[in-house]
Amino acid sequence: MASAPRPERVLRLLAGCLPPYPPPPPTVGLLSMEQQETYLELYLDQCAAQDDLAPPRSPLCNPVVPYGMYILNASNPDTAFNSNPEVKETSGDFSSVDLSFLPDEVTQENKDQPVISSRHETEENSESQSPQSRLPSPSEQDIGLGLNSSSLSNSHSQLHPGDTDSVQPSPEKPNSDSLSLAPITPMTPMTPVSECCGIVPQLQNIVSTVNLACKLDLKKIALHAKNAEYNPKRFAAVIMRIREPRTTALIFSSGKMVCTGAKSEEQSRLAARKYARVVQKLGFPARFLDFKIQNMVGSCDVRFPIRLEGLVLTHQQFSSYEPELFPGLIYRMVKPRIVLLIFVSGKVVLTGAKERSEIYEAFENIYPILKGFKKA
Amino acid sequence: MPGRGRCPDCGSTELVEDSHYSQSQLVCSDCGCVVTEGVLTTTFSDEGNLREVTYSRSTGEDEQVSRSQQRGLRRVRDLCRVLQLPPTFEETAVAYYQQAYRHSGIRAARLQKKEVLVGCCVLITCRQHNWPLTMGAICTLLYADLDVFSSIYMQIVKLLGLDVPSLCLAELVKTYCSSFKLFQASPSVPAKYVEDKEKMLSRTLQLVELANETWLVTGRHPLPVITAATFLAWQSLQPADRLSCSLARFCKLANVDLPYPASSRLQELLAVLLRMAEQLAWLRVLRLDKRSVVKHIGDLLQHRHSLVRLAFRDGTAEVETRGKEPPAWGQGQREGEVGNNSLGLPQGKRPASPALLLPPCMLKPPKRICPAPPVSTVTGDENISDSEIEQYLRTPQEVRDFQRAQAARQAATSVPNPP
């Protein structure tokens, strides 16, 4: 069974796709932030069980979300608040949470309703109340999610699977999860939690540009800098290299610069700053404006051979496989907009990303597809 | 005659059809004005009298086909005729060319690109009808570079949003094999080398299917595999006389170019056949090698499905489990032999344990171990020390030396012939 990427699951959840999904068991029950996040993750994993072919989407891009949230909540107002005296109020600190995407009513009502996992569906009460189907027992894929099982035991009594459809707004970030991304997407953390056998694409190359904002004399730069080469007949820019981080820069006379070869965004920025310093030391009033990462390339190995002919048949609209021209299959993923080169040995190259998360997301999307072609 | 219109001069309706020097004319019987005159009329009002209208006055002017487009369309038709394609292909290819021409990028492209575009349209048409035309063949016909062809082909497929199916391997085998000149004796082809076309075709097809199943075709150019398969098929049909003939000589005899990768495909195919032979008891005792196995290709192909199943085990599960311990990677492929010998039984009495069924690129040990890159703690905002930057700058003395050296080099090159 393929596990769907998490942002997409959150999206489906919020967009109110009721029929295929088990309704999230809520509770007035207010758990600690860690527990809420844990239950959210557990719940979402069961959604994955019924979610084989869902297309990946980012919750950021779905304008339907607020409306969907409202619908979900409004449909079951009576079951919104479950009476469970054992539940304790959460002291949930919502100050860091950005709920602006939600309509006001939903924000007020739903703030305190975590999504509960059906792992605790064995618990008493609500089973009779719930008209919806039982949640399937969660798969064992949660291992990679780093769940803290001890926190689950506390709230057994609070869990009422299938009670209502009111959905926990996912932005309730746990404190432990220090994300620098917008709270709307807590499911795409910077450290990739890859649910596919722990394979994480490694970044191989970052291309960035920066504007030094001054006209440069390339001949002078080539004369005074040891690490520069300049051949105006071949190319109209100075090619400069530094050793740490090991990168190459193309410096144009307009003051624009391209920096390539770094293995991470920070390294690329540091390298670009070093080039700017070299240019400064050569006597030009160089500044450091508009640093932007233009392209990121990552690669990884799924470790099994792939039938490229089969893949091009089933995913014709995205794939291009011409063995007469190139041994790999070129897969143009739409969301995120990444180009993947897939080879028969199982090696995958991902390129065209502006953000690291796009590479991780693209790999999470392609992995279930590739697994489908494992057996010849 | 009534109903044929009015005379433009006098407006009478009495128009008579008459012939003047075998040219039919409509003449007004009142004033004698010639109303229509075959194809020699020029005014737009003539159209009402069933007279021809010039192109410049018709609406065809707006859809005028430019000369270069006309040339391109002619080239498409010519190419289809040279390749002896069915007539329906011609119309489809022409339609694709016209469709491509509507895009401004194509209209403004260089002539070389438009020429290659002709080949692309024909290729797409053939692919969609499962006609086995290779890109190499088109490039040879157009005297085009494969790189140029490749870029334009990818561009046009994306531009037109076309669904181009893969090259049909079975059809390619039939066409390619038929091009081998081995089916009739000739001065260059001795009698013992002549082969029956049907037998060779069917055996080649079986060998290509075997190659496909054992990961020898995926990701590779299809033609060298077929060349190797044809060679093996031909050899195996009369091994006694033909084992002495090499692949290169075979292609020369058959008047077919030998693609460079064909010899390595041949070795891979022979390795697969040897593994399969290990599973047949009466072949195991023979201790076959790459040359002697050719004699038994017929038997091996007959039972190829079960032999492949026996000889190879699924490599995918193995690779994944072993993937966790990279150091053990290189030893996996030797497991077959090791397992055999360790049991102490004489080789040949037991079938070899199944080898991994993986593409050859996964079976070879990795060229270099790629260590995981160290986790970098760079923040991008560190201080950059002056000394670090200084190391990249030339000292004034070095600058002077460099300039002197450059000047000397300029002087040397500017003197054309040293005395």
Side-chain angles (χ1 to χ4, degrees), chain A residues 197 199 202-204 223-228 240-245 262-274 276-278 280-282 291 301-309 312-313 316-317 320-330 332 343-347 374-376, chain B residues 134-136 146-147 149-150 153-154 157-158 161 163-167 169 212-213 215 217-223 314-324 357-362 370 372-373 376-382 384 386 388-394 396 398-399 402-403 406:
Chain A
C197 313
I199 307 175
Q202 295 295 325
L203 287 180
Q204 301 292 348
L223 181 60
H224 288 267
K226 276 193 231 184
N227 55 344
M240 195 181 284
R241 295 184 169 86
I242 58 174
R243 283 182 280 270
E244 184 55 45
K263 299 272 189 213
S264 79
E265 303 91 316
E266 300 84 17
Q267 284 186 9
S268 191
R269 193 185 150 82
L270 180 62
R273 283 176 56 225
K274 290 191 184 176
R277 278 289 284 276
V278 171
Q280 254 177 11
K281 285 239 183 277
L282 289 171
F291 175 80
D301 188 1
V302 301
R303 299 190 182 285
F304 51 80
I306 302 165
R307 285 278 173 203
L308 301 177
E309 313 93 359
V312 78
L313 277 177
Q316 185 134 36
Q317 64 271 46
S320 158
Y321 171 55
E322 295 288 340
E324 295 176 78
L325 298 176
F326 188 64
L329 185 149
I330 303 168
R332 294 182 192 272
F343 295 89
V344 69
S345 57
K347 303 234 173 17
K374 219 158 71 160
K375 300 280 188 249
Chain B
T134 57
M135 293 188 185
L146 189 64
D147 304 321
F149 186 89
S150 138
Y153 173 77
M154 303 299 267
V157 168
K158 205 167 160 194
D163 238 356
V164 186
S166 312
L167 195 56
L169 214 56
N212 202 0
E213 216 182 302
W215 293 101
V217 171
T218 311
R220 275 101 168 262
H221 198 296
L223 213 63
D314 186 24
T316 58
E318 296 289 329
V319 176
E320 273 195 313
T321 52
R322 209 176 318 112
K324 306 281 197 280
L357 185 58
L358 289 173
C361 55
M362 289 180 88
C370 306
S376 135
T377 51
V378 173
T379 62
D381 295 314
E382 284 106 336
I384 303 170
D386 274 353
E388 190 184 347
I389 301 296
E390 297 287 326
Q391 69 174 315
Y392 294 120
L393 303 177
R394 290 203 173 105
E398 284 174 346
V399 172
F402 184 69
Q403 277 176 318
Q406 264 197 325

Practice problem: Mind checking the OG-CZ spacing from A:Ser320 to A:Phe326? Nearest 0.5 Å is all I need. | Solution: 10.5 Å

Self-check item: Segment of A:Ile306 engaging chain B (4.5 angstrom heavy-atom cut-off)
Solution: backbone

Quiz prompt | B:Arg220 to B:Trp215 six-membered ring, cation-pi geometry met (6.0 Å, 45°) | solution = no

Exercise. Let me know if B:Gln391 has heavy atoms under 4.5 Å from chain A in its side chain, its backbone, both or neither.
Key: both

Quiz prompt | Which atoms of B:Leu223 approach chain A - backbone, side chain, both or neither, heavy atom under 4.5 Å | solution = neither

Quiz item: Given a strict heavy-atom distance threshold of 4.5 Å, which part of A:Glu322 is in contact with chain B: side chain, backbone, both, or neither?
Solution: side chain

Quiz item: Any chance NZ of B:Lys158 has more than 12 other-residue heavy atoms, nucleotides or ligands included, within less than 6.0 Å?
Solution: no

Quiz item: Is there a side-chain contact between A:Met240 and A:Asn227, using heavy atoms and a 4.5 Å cut-off?
Solution: yes

Exercise. Heavy-atom distances under 4.5 Å only: say whether A:Leu325 touches chain B with side chain, backbone, both or neither.
Key: side chain

Quiz item: Checking heavy atoms, do the side chain of B:Phe149, its backbone, both or neither come under 4.5 Å from chain A?
Solution: neither

Exercise. State, to 0.1 Å, how close A:Val344 and B:Pro359 come at their nearest heavy-atom pair, and which atoms those are.
Key: CG2-CG, 3.8 Å

Quiz item: Looking at A:Arg273, A:Glu309, A:Gln267, A:Arg269, which has the largest count of heavy-atom pairs under 4.5 Å with chain B?
Solution: A:Arg273

Self-check item: Options B:Asp163, B:Thr218, B:Val217, B:Asp147, ranked by heavy-atom pairs under 4.5 Å with chain A, top entry
Solution: B:Thr218

Quiz prompt | Chi angles and distances behind the side chain to side chain contact (heavy atoms under 4.5 Å, CB included) call for B:Tyr392, A:Arg243 | solution = CA-CA 10 Å; B:Tyr392 294 120; A:Arg243 283 182 280 270; 3.6 Å; yes

Quiz item: Quick one: are B:Glu388 and A:Ile242 in side-chain contact, heavy atoms under 4.5 Å?
Solution: no

Quiz prompt | Region of A:Val312 in contact with chain B, defined by heavy-atom distances below 4.5 Å | solution = side chain

Quiz item: By a 4.5 Å heavy-atom criterion (distance strictly below it), what part of A:Glu324 contacts chain B: side chain, backbone, both, or neither?
Solution: both

Exercise. Kindly say whether B:Ile389 contributes a backbone atom to a donor-acceptor pair with the side chain of A:Arg277 at under 3.5 angstrom?
Key: no

Quiz item: What part of B:Ser166 gets closer than 4.5 Å to chain A, counting heavy atoms only: side chain, backbone, both or neither?
Solution: side chain

